[in-house]
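Comments concern the structure below.
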Amino acid sequence: MSVKNFPLTRDQLEKIAENHPTPFYVYDERSIRENAKRLIRAFSVFPSYKEHFAVKALPNPFILKILAEEGLGADCSSYTELLLAEMAGMKREATMFTSNETPAREYETAKKMGAIINLDDFTHIEFLEGSVGLPELVSCRYNPGPLKGGNAIIGNPEEAKYGFTREQIIEGFSLLKKKGVKRFALHTMVASNELNIDYHIETARLLFELAAEIKNKTGVRLEFVNLGGGVGIPYKPEQEAIDWDTLAQEIKKVYDEIIKPAGLDPLGIHTEYGRPITGPYGWLVTRAIHTKNIYRKYIGLDSCMADLMRPALYGAYHHITIPGKENLPFTETYDVVGSLCENNDKFAVRRRLPKIDVGEANGDFVVIHDAGAHGRAMGFNYNGKLRCGELLLRPDGSLLQIRRSETVEDYFATLDFKAFEKF
Ligand SMILES: *Cc1c(COP(=O)(O)O)cnc(C)c1O
């Protein structure tokens, strides 16, 4: 079981909405900090540990700065994400650059920043060398292919476009060594939103065994392995979160079993969790503005999948609560929907909820939980929809706007109206 809390009351929301009309995201700084501290403490069982927060999950420099203060770095996959990490003060090797189909310009930025470059393919060794030169430290991304079972969001490793094969990774490290690279790291990312702890322990085992094989076959001694992201969160109340202490201790057992006898101790452990770092500590706050009763009962929100795409994209479950009505019986069955002209724009389908009152000025607030990762970040402007803003709930209870909502001017900003006038 996981508890679905929301840190604000209906009265507080009414006050906030006077200045910040719904919809908006709100993130809880205190919980994000406490979670980051728990993570770092748990993984301190390893000789060295670094978490590179997957920037794509919540690309806001305010959040990144909070995480940097807690000792986290960044996992970036594009030029813009590198800029965000730099803005947040995530210096040099605190940032890991894991991209694919990468243009030379992005490698150049990563190299200039001193970020750790993680290569996605064997051919990128020469691409990197030829374009910007090989850095002192190079990491390679491993795709275990048939050696690892699949997972719903990311799919089967064998069908995934990422990484080197096992043969290529051995050859790759030999080649890098021959080319004068001095420091080496190994990376994989094989799952997404996986709540089965064994899956993550087995991923560590796979990488540790490969690290030993690399040492035997090439003489390359890895400095660290990056276990990737993919630790899930309990979107459904009946699901259980993965406990950081248990995860770290179980991986440590495998470390002691494989890494020590292989003569690879001390080996650094890196991760690049996104979802479990901020996911449970962000909410999309909307208001119920319409209801309709046709073949099903609907509640229409002032938001839509342009603000939160996961339910439409993956049929993902996001818990919903109605502030002020937490203790009322669930007497209704609603489809809770957004305003996009797409019928999959549904935050919830046939969800049991208390009776919801509607109205643009005084309707019930509808809070969508676990939206702190891959939420606002996946937003888009289809249908001329303007993405909502983001608020940060500070530890002292105050609220800080960390991103305003988009305006029509933002939407039109990429159009050339001078040219249009003459057209
Ligand atoms: C998306 C991604 C992550 C983070 O995944 P989460 O599920 O948010 O933890 C980490 N590494 C890479 C390479 C990714 O693509």
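Just so you know, ligand 1 is whichever comes first in the structure, and atom 1 is the first atom listed for that ligand. What you see below is based on every heavy atom in this structure, not just the backbone, and it leaves out hydrogens, waters and symmetry mates.
- Within the structure, every pair that satisfies the salt bridge (charged side-chain N to carboxylate O under 4.0 Å, His left out) test and touches residues 365-378, not counting sequence neighbours, is listed here: Lys4-Asp370.
- For the pair Arg387 and Phe380, the cation-pi test (distance below 6.0 Å, angle within 45°) is failed.
- Geometrically, Arg310 does not engage Phe347 in a cation-pi contact defined by less than 6.0 Å to the ring centre and at most 45° from the axis.
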Put together the list of close N/O pairs, under 3.5 Å, between ligand 1 and the protein, could you?
from     : atom 1 : to     : atom 2 : distance (Å)
ligand 1 : 8 (O)  : Arg275 : N      : 2.8
ligand 1 : 8 (O)  : His374 : NE2    : 2.7
ligand 1 : 9 (O)  : Gly230 : N      : 3.2
ligand 1 : 9 (O)  : Gly274 : N      : 2.8
ligand 1 : 9 (O)  : Arg275 : N      : 3.4
ligand 1 : 11 (N) : Asp75  : OD2    : 3.2
ligand 1 : 11 (N) : Glu272 : OE2    : 2.6
ligand 1 : 15 (O) : Lys56  : NZ     : 2.6

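- Judged by the 6.0 Å and 45° rule, Arg141 forms a cation-pi pair with Tyr162.
- Annotation: ring-ring contact (aromatic ring centres under 6.0 Å, His included) contacts of His270 (sequence neighbours excluded): His52, Phe224.
- Phe6 is linked by a ring-ring contact (aromatic ring centres under 6.0 Å, His included) to Trp283, counting only residues two or more places apart in sequence or in another chain.
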